[in-house]
Amino acid sequence: MIKTRLKTLIDHCFTQGVEAGFWSVAAAGAYSLDEPKHAGQGDLATNLAMVVAGKDQKNPRTIAAQLVEMLAPHTDLLDKVEIAGPGFVNCYINKSVWQSVLPEVCGQDASFGLSKIGQDKKVLVEFVSANPTGPLSVGHGRQAVLGDAIASLLSATGHQVTREYYYNDAGRQMRVLGESTRARYLEALGLPFIFPEDGYQGQYIRDIAQSLIEERGDSLKDEPDVMVFKAKAEQVIFADINGTLHRLGIVFDNYYNEHSLYENGLVDDVVASLREKGLAYDQDGAVWFKGTECGLPQDRVIIKSTGEPTYRLPDMAYHREKFKRGFDWMVDIFGSDHIATVPDVLAGVKALGYDPTKVTVVLHQFVTLLRDGQQVKMSTRKANFVTVDELLDEVGADVARFFFLMRKADSQLEFDLDLATKTSQENPVYYVQYAHARLHSIRRQAEAKGVILGNLEDAPLARLTLDDETHLLKAMAAFPALVEGAALDLAPHRLVFFLQDVAGQFHSYYNKHRIVSEDAELSRARLWLAMGIRVVLRNGLALIGVSAPESM
RNA sequence: GCGCCCGUAGCUCAGUCGGAUAGAGCACCGGCCUUCUAAGCCGUAGGUCACAGGUUCGAAUCCUGUCGGGCGCACCA
């Protein structure tokens, strides 16, 4: 907020400099204003002089001097402006300006950090999208939390967000699921059975078979149609998945069934459209998509010689429906094993006449589970995987969500169960939550001692003069821009790091300085500061879906 | 062989548009509870940013190559 204020002023000075003939317009938009890494380099620094000097072949320090002269009169905002190093212009913001952040933070309260930069753009966030063949694994868990946090961030920044789960209950996988269930059913009845070669081996299939026996006895032992088994398994597993998502605090707005694309003729329609454009052809009894015409290295089969479509075709149809449903931006969250499918689908979207740049794919790397220092191998088919439910039993939703968001999507995530299950001080989740609880406690204590917050308007905020206090005020001021950046870049991990940083600053401040003291005026000022930090921590935690306890 | 991701402290990882002296947590070692929550704080130590070139005022960041790890490369999804 303050940064944008200063940036506007610098932009103004830049234009002024152009008009005065100091430099050309070449550097417009190329320079930046940043927080310096080291103390003694001001609150904010711009590289304008070096960028201008580079473009115009001039001496950066001369440019910097001209800029300083233009900035210096603005004493309402700036205390001091100086030239440093190779030509940085370091700006020292007036302390009263930082103090003025607090009324905004506390005044806006729960809405502090929200913005409208999304301009009500309709965004579809597709995530999880696991077919109902088994419980959600830890990898799905990461994706679920990542997608949900991204959706929250987009909502917070003024986008109209739809959370969607895409699934297919009609394919080969589901048939195998039905056959696996039937085999377990027969097995449990002591009858001869053939377990499918690539069947699902988890205990949950046995449980489903058992409940079928309880409901229907052995009446299905000669049932020729696998559908009964499939339907039962699907129903149970979907309920299980939804239960898991619910425990994680995730609610989808919509479930999109791949099968509906076939029923409505939308898949056939895609083939027809592609043929019309000369981008589909027949060969070897299959229908091919002319990928080579669309920037792909090779053509791809979209309908097999058996008449069944490959995954590419319904994916194209699905994405076309997303466009037709009027979304301005489509965010797909996929595991990195889907890398290969992305270019195909995007090429398809383009071939169908839609703008593929409106689709952003977030690929997240795998989750490695560590237990007792050993990697846990995971596979849905073989039964030795850890489910999200098991994880939640051990660590709870707050820890799971926080841990899943601690890494950027691009990085592989090592989930150390031994660490996460310990509810001890090593756990960063508690560190942040503890700061929030502490702030509440302080307020309670203050009330008990008769220290009244009073009106924000006449709070003696000018008493907040310590460097530690200014740092905290700066962090608060940075929050809205951080949320915007994290949202637009689809990078919720930045929020997690920010929260740890703010919590750390507060813990440190708390240990060094008394908030409630004999000085009633100072106590009031510091109490307002504490309330501001509380607002930021609570709002930040809310965005990543982690609770902000009032006591621990 | 080809494509994508990763390689930063002992370990796990941040580092946004290329900025100044490289950041945190954990682990290790040493301190701090009679006062607002010790699930906390303070301090010490820890680095050839995988390697080699290139681009420029300036590179962990951009480009090329090499090495190492992961994931893909079906008429599976």
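Lettering of chains follows the sequences in order, A, B, ..., and the numbering in each one begins at 1.
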With rounding to the closest Å, how many angstrom separate the [atom1] atoms on [N] and [M]?
{"N": "B:rA22", "M": "B:rU66", "atom1": "C1'", "result": "26 Å"}
{"N": "B:rG65", "M": "B:rU21", "atom1": "C1'", "result": "31 Å"}
{"N": "B:rG47", "M": "B:rG23", "atom1": "C1'", "result": "12 Å"}
{"N": "B:rA50", "M": "B:rC11", "atom1": "P", "result": "14 Å"}
{"N": "B:rG25", "M": "B:rG43", "atom1": "P", "result": "11 Å"}
{"N": "B:rU55", "M": "B:rU64", "atom1": "C1'", "result": "11 Å"}
{"N": "B:rC17", "M": "B:rC13", "atom1": "C1'", "result": "23 Å"}
{"N": "B:rA20", "M": "B:rC49", "atom1": "P", "result": "15 Å"}

Regarding [X], tell me which of base, sugar-phosphate or nothing describes its non-hydrogen contacts under 4.0 Å with the strands shown.
{"X": "A:E414", "result": "sugar-phosphate"}
{"X": "A:R443", "result": "nothing"}
{"X": "A:Y510", "result": "base"}

Face-to-face stacking of A:H507 with B:rC41, centres under 5.5 angstrom, angle under 30°: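 So no, this residue does not stack on that base, at least one cut-off failing.
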
Stacked pair A:F88-B:rA20, distance under 5.5 Å, angle under 30°: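 The ring of A:F88 is stacked on B:rA20.
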
Ionic contact status for [Y] with [X], cut-off 4.0 Å:
{"X": "A:R300", "Y": "A:D344", "result": "yes"}
{"X": "A:D501", "Y": "A:R494", "result": "no"}
{"X": "A:R524", "Y": "A:D519", "result": "no"}

Under the rule syn = chi within 90° of 0, otherwise anti, which is B:rC6? anti

Does B:rC67 adopt a syn or an anti glycosidic conformation, taking syn as a chi angle within 90° of 0?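 Classified anti.
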
Taking the side chain of [X] as heavy atoms from C-beta outward, which of [options] is closest to it?
{"X": "A:A84", "options": "B:rG3, B:rC6, B:rA20", "value": "B:rA20"}
{"X": "A:Q173", "options": "B:rA77, B:rG23, B:rC75", "value": "B:rA77"}
{"X": "A:K449", "options": "B:rA14, B:rC5, B:rC36", "value": "B:rC36"}
{"X": "A:S551", "options": "B:rU16, B:rC13, B:rU37", "value": "B:rU37"}
{"X": "A:A437", "options": "B:rU37, B:rC13, B:rU21", "value": "B:rU37"}
{"X": "A:M552", "options": "B:rC36, B:rA14, B:rA39", "value": "B:rA39"}
{"X": "A:Y434", "options": "B:rA14, B:rA39, B:rA20", "value": "B:rA39"}
{"X": "A:S508", "options": "B:rU21, B:rA77, B:rC42", "value": "B:rC42"}
{"X": "A:I339", "options": "B:rU12, B:rG3, B:rG19", "value": "B:rG3"}
{"X": "A:N511", "options": "B:rG40, B:rU16, B:rC71", "value": "B:rG40"}

Below 30° counts as parallel, above 60° as perpendicular, anything between as tilted: where do the rings of A:Y262 and A:H259 land?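 Plane angle between 30° and 60°, so tilted.
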
How are the rings of A:H440 and A:H436 set relative to one another: parallel (under 30°), tilted (30 to 60°) or perpendicular (over 60°)? tilted

Round to a whole Å and report the spacing from [atom1] of [X] to [atom2] of [N].
{"X": "A:L499", "N": "B:rA24", "atom1": "CG", "atom2": "C1'", "result": "14 Å"}
{"X": "A:N427", "N": "B:rA27", "atom1": "CG", "atom2": "P", "result": "11 Å"}
{"X": "A:R312", "N": "B:rG72", "atom1": "CZ", "atom2": "C1'", "result": "12 Å"}
{"X": "A:L296", "N": "B:rC2", "atom1": "CG", "atom2": "C1'", "result": "14 Å"}
{"X": "A:Q412", "N": "B:rU12", "atom1": "CD", "atom2": "C1'", "result": "13 Å"}
{"X": "A:R142", "N": "B:rC13", "atom1": "CZ", "atom2": "P", "result": "9 Å"}
{"X": "A:L48", "N": "B:rG19", "atom1": "CG", "atom2": "P", "result": "16 Å"}
{"X": "A:E518", "N": "B:rC36", "atom1": "CD", "atom2": "C1'", "result": "12 Å"}

Short side-chain N/O contact from [X] to OP1 or OP2 of [N], under 4.0 Å:
{"X": "A:H364", "N": "B:rC71", "value": "no"}
{"X": "A:Q445", "N": "B:rU37", "value": "yes"}
{"X": "A:S441", "N": "B:rU37", "value": "yes"}
{"X": "A:S517", "N": "B:rU35", "value": "no"}
{"X": "A:Y311", "N": "B:rA74", "value": "no"}
{"X": "A:H440", "N": "B:rU37", "value": "no"}
{"X": "A:K304", "N": "B:rA74", "value": "no"}
{"X": "A:Y431", "N": "B:rC41", "value": "yes"}
{"X": "A:K408", "N": "B:rC5", "value": "no"}

Please give me the minimum heavy-atom distance between A:G532 and A:L102, naming the atom from each residue.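 Nearest heavy atoms, A:G532 then A:L102: CA-CD1, 4.0 Å.
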
Which base, if any, makes a Watson-Crick or G-U wobble pair with [N], both distances under 3.5 Å?
{"N": "B:rG19", "value": "B:rC57"}
{"N": "B:rG72", "value": "B:rC2"}
{"N": "B:rG7", "value": "B:rC67"}
{"N": "B:rC29", "value": "B:rG43"}
{"N": "B:rU12", "value": "B:rA24"}

Do [X] and [Y] meet the criterion of a side-chain donor-acceptor pair at a distance under 3.5 Å?
{"X": "A:Y31", "Y": "A:D11", "result": "yes"}
{"X": "A:D398", "Y": "A:Q433", "result": "yes"}
{"X": "A:Y256", "Y": "A:E126", "result": "no"}
{"X": "A:E469", "Y": "A:Y509", "result": "yes"}

Return yes if the base of [N] and the side-chain atoms of [X] contain a donor-acceptor N/O pair under 3.5 Å, otherwise no.
{"X": "A:R438", "N": "B:rU37", "answer": "no"}
{"X": "A:T310", "N": "B:rC75", "answer": "no"}
{"X": "A:D337", "N": "B:rG72", "answer": "no"}
{"X": "A:N90", "N": "B:rA20", "answer": "yes"}

Could you say whether A:V51 or A:I442 is positioned toward the 5' end of RNA chain B, judged by the nucleotide with the nearest heavy atom to each? A:V51

Could you check A:R514 against A:P309 and say which one's nearest nucleotide on RNA chain B is further toward the 5' end?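 The 5'-side residue here is A:R514.
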
